[in-house]
Asker: 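One structure, pasted below without further comment.
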Amino acid sequence: MVEDDEAVLSLLDDEYARAILAQLTTEPMSVDELCTACEMSDSTAYRRLERLEAAELVTTKQELDPDGHHYKCYAATVEDVTVTFRDGTYEVAVTRSATDPADRFTDLFEGLS
């Protein structure tokens, strides 16, 4: 098993990381929106999002508030995680979204208007 596999399994073992991924499969969200939806603190959300982004399970896009402030919006890049046990070993396979994450953001936000 490679180090990336360990990171993915460790993240999936974390209830907050799983909650974030589940929420981000519905629509891109800001940290504030995730904190409300997942009932977690900002610091907890930021720590999990940092790990999820490092494992390439989420992506970010800068958004502009009407008042001129910038914030990050997060989207899941993972569709499926499979763990296969065979011949005394195991392997983790991550299926990523079929489209580019930036395209998914555009599609989702255009669908909101």
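Heavy-atom basis, side chains included; hydrogens, waters and symmetry copies ignored. As the structure is a prediction and not an experimental result, all values here were calculated from the model.
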Asker: Is it the case that the side chains of Asp42 and Thr44 hold a donor-acceptor pair, with the cut-off being a distance below 3.5 Å and no angle test?
Answerer: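 Per modelled atom types, Thr44 and Asp42 side chains form no pair under 3.5 Å.
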
Asker: Is a side-chain donor or acceptor of Glu50 paired with a backbone partner of Arg47 at a separation under 3.5 angstrom?
Answerer: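 Side chain of Glu50 to backbone of Arg47, a donor-acceptor pair under 3.5 Å: no, none is there.
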
Asker: Do Val83 and Leu9 have side-chain heavy atoms sitting under 4.5 Å apart?
Answerer: yes

Asker: Measuring from Cys38:SG to Glu33:CD, what's the distance to the nearest 0.5 Å?
Answerer: 11.0 Å

Asker: Check whether Arg48 reaches the backbone of Ile20 with its side chain - one donor and one acceptor, N or O, closer than 3.5 Å.
Answerer: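 Absent.
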
Asker: Report the C-alpha separation of Ser10 and Arg51 in whole Å, then their side-chain angles, then the decisive distance to 0.1 Å, and conclude whether the side-chain contact (heavy atoms from CB on, under 4.5 Å) test is met.
Answerer: CA-CA 10 Å; Ser10 176; Arg51 291 178 59 206; 3.0 Å; yes

Asker: Test Thr77 against Val58 for side-chain contact (heavy atoms from CB on, under 4.5 Å), laying out the working first.
Answerer: CA-CA 5 Å; Thr77 60; Val58 300; 5.6 Å; no

Asker: Considering only heavy atoms from C-beta outward, does the side chain of Lys61 approach that of Lys72 to under 4.5 Å?
Answerer: no

Asker: Is it the case that over 12 heavy atoms from other parts of the model lie below 6.0 angstrom from the CD atom of Glu39?
Answerer: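 Incorrect, the count does not exceed 12.
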
Asker: I'd like to know if the side chain of Thr36 reaches the main chain of Asp32, judged simply by a donor and an acceptor atom lying under 3.5 Å from each other, with no hydrogens or angles considered.
Answerer: yes

Asker: With rounding to the nearest 0.5 Å, note down the distance linking CG in Leu24 to OH in Tyr74.
Answerer: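 Rounded to the nearest 0.5 Å, the CG-OH separation comes out at 9.5 Å.
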
Asker: Which heavy atom of Ser30 sits nearest to which heavy atom of Cys73, and what is that distance?
Answerer: N-SG, 4.0 Å

Asker: CD/Glu91 to OG1/Thr82 distance, rounded to the nearest 0.5 angstrom?
Answerer: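 So the CD of Glu91 and the OG1 of Thr82 are separated by 10.0 Å.
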
Asker: Strictly distance-based, threshold 3.5 Å: is any side-chain N or O of Arg96 a donor or acceptor partner for the main-chain N or O of Val78?
Answerer: no

Asker: Do you know the tightest heavy-atom contact between Arg86 and Thr84?
Answerer: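 Shortest heavy-atom separation between Arg86 and Thr84 comes out as NH2-CG2, 3.4 Å.
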
Asker: Once rounded to the nearest 0.5 Å, what's the spacing between atom CD of Glu53 and atom OG1 of Thr60?
Answerer: 4.5 Å

Asker: Is any side-chain heavy atom of Leu21 closer than 4.5 Å to a side-chain heavy atom of Leu52?
Answerer: yes

Asker: Once you round to the nearest 0.5 Å, how far does SG of Cys35 lie from OH of Tyr16?
Answerer: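 That separation rounds to 10.5 Å.
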
